[in-house]
Enquirer: 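Got a structure for you, written out below as structure tokens; questions coming shortly.
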Amino acid sequence: MPNRYAYLGPAGTFTEAALRTLEPDAPAEALVPCSGVDAVFAEVRSAGVDGGVVPLENSVEGGVTATLAELINGEPLLVTAETAIPVAFTLFARPGTSLSDVKRVATHPHALAQCRGWMTRNLPDAEACALASTAAAAQAVAEPGSAYDAAIAAGIAGERYGLSPLAEGIADRSDAATRFVRITRPGPLPAPTGHDCTSLVAFPHDDRPGALMELLNQFAVRGVNLTRLESRPTGDGLGRYCFCIDADGHVSDPHVGEALMGLRRICADVRFLGSFPRSGSPAVTPLRGTTAPDFPAAERWLERIRSGEVA
Ligand SMILES: O=C(O)C(=O)C[C@]1(C(=O)O)C=C[C@@H](O)C=C1
């Protein structure tokens, strides 16, 4: 039996495209469309599938709240892979519709945010309606007697649901990309590749001067490069935040391991989300004294002086 993967559906979402990139050999019957990000997490947690793929962040609109909330507060899961794919949007309608007929536009809130400029210029009076995904919007527009006149979706979704393009390339930024992650139940970590990302959430003890700097210092002094820092409310009241952090390196790398231990000592809690191969640009050059071999070398030196050897 091939591994089965849940994804934010229906067929034709950017998430499906990401899943096909991550699992190119998975047969169509192994891909399980879900109606929302929370449903993907639920399928993975209940072992209905072997893994799931969800959007994590967009280069224009930022973090995907539903995914972050599940990763931060839900029953712990592991991130085991990532991919970033370019996203471009088309306005689709039922054949025969013209732009002047469009009064209600359905799409995903992240897609709407990326096309806001075009919408303001071209459809200033249209009502925007939030649906669970761009493909769900295209599917809804295609239904007979639909409550919507048009959908903002990926080219592939419009084709799949038999819609006609009214305007292509309507995103405010033509170079936008969304990062997707594969989630699984806790288990063995992906092996280090030398080009990895470690993802975690740090919960500081309390609000005081220098708390965030102290947290960041755990990485800085060990030469661990951070590629993402996002503060999210913990839900425990205004001003209470946790920090979502992505760092270069694998938790089995000595310098990453030391940074995580330092973080664990100074934080109320640290949730490890995973170490997985990084997609995209290579890591920055490590600073002197912070390359991977520098750490075991210093440890051996400490052992020698502790055992009375003259160093
Ligand atoms: O609706 C989709 O097609 C999705 O895969 C979701 C999603 C998102 O959540 O950001 C993915 C990429 C785009 O940025 C817009 C929507």
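Counting from 1, the numbers follow the sequence of the chain as shown. Whatever order the structure lists ligands and atoms in, that order sets their numbers, starting from 1.
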Enquirer: Could you verify whether a donor N or O on one side chain and an acceptor N or O on the other, from S252 and H250, lie under 3.5 Å apart?
Expert: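 Result is yes, a qualifying pair exists.
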Enquirer: Looking only at the side chains, is there a donor atom on one of S275 and T198 sitting less than 3.5 Å from an acceptor on the other?
Expert: yes
Enquirer: Please identify which atoms of ligand 1 are closer than 4.0 Å to at least one heavy atom of P55.
Expert: 8 (C), 9 (O)
Enquirer: Would you check if I245 and F219 make a side-chain contact, meaning some heavy-atom pair closer than 4.5 Å?
Expert: yes
Enquirer: Could you tell me if the side chain of L189 sits less than 4.5 Å from the side chain of L78, heavy atoms only?
Expert: yes
Enquirer: What protein heavy atom lies closest to atom 12 (C) of ligand 1? Include the residue and the distance to one decimal.
Expert: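 Closest protein heavy atom to atom 12 (C) of ligand 1: T178 OG1, 3.5 Å.
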Enquirer: So, does E16 sit close enough to ligand 1 that a heavy atom of it is under 4.0 Å from the ligand?
Expert: no
Enquirer: Using a 3.5 Å cut-off on N or O atoms only, is T15 in polar contact with ligand 1?
Expert: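 Looking only at distances, the answer is yes, because the N/O contact criterion of under 3.5 Å is met.
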Enquirer: Show which atoms of ligand 1 fall inside a sub-4.0 Å distance from at least one heavy-atom site of N58.
Expert: 14 (O)
Enquirer: I need the minimum non-hydrogen distance between L8 and V40, along with the two atoms involved.
Expert: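 In this case the closest contact between L8 and V40 is N-CG2, 3.6 Å.
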Enquirer: Using every non-hydrogen atom in the two residues, find where C267 and L215 come nearest and quote the distance to one decimal.
Expert: SG-CD1, 4.1 Å
Enquirer: Is it the case that ligand 1 has an N or O less than 3.5 angstrom from some N or O of A111?
Expert: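 There is no such contact.
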Enquirer: Measure the shortest side-chain to side-chain distance between L77 and R185 over non-hydrogen atoms and say whether it is less than 4.5 angstrom.
Expert: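 Yes, side chains in contact.
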Enquirer: Among all protein heavy atoms, pick out the one at the shortest distance from atom 6 (C) of ligand 1; state its residue, atom name and that distance to 0.1 Å.
Expert: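 Nearest neighbour among protein heavy atoms for atom 6 (C) of ligand 1, to 0.1 Å: L8 CD2, 3.7 Å.
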Enquirer: Short list, please: which atoms of ligand 1 are under 4.0 Å from a heavy atom of H110?
Expert: 8 (C), 10 (O)
Enquirer: Any chance the side chains of S59 and R173 put a donor and an acceptor closer than 3.5 Å?
Expert: no
Enquirer: Return yes or no for this condition: an N or O of T134 is under 3.5 Å from an N or O of ligand 1.
Expert: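 It does: an N or O of T134 is found under 3.5 Å from an N or O of ligand 1.
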Enquirer: Any idea which protein heavy atom is nearest atom 9 (O) of ligand 1, and the distance to it?
Expert: H108 CE1, 3.1 Å
Enquirer: Does an N or O anywhere in T13 fall below 3.5 Å from an N or O of ligand 1?
Expert: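 Min N/O separation from ligand 1 is not below 3.5 Å for T13.
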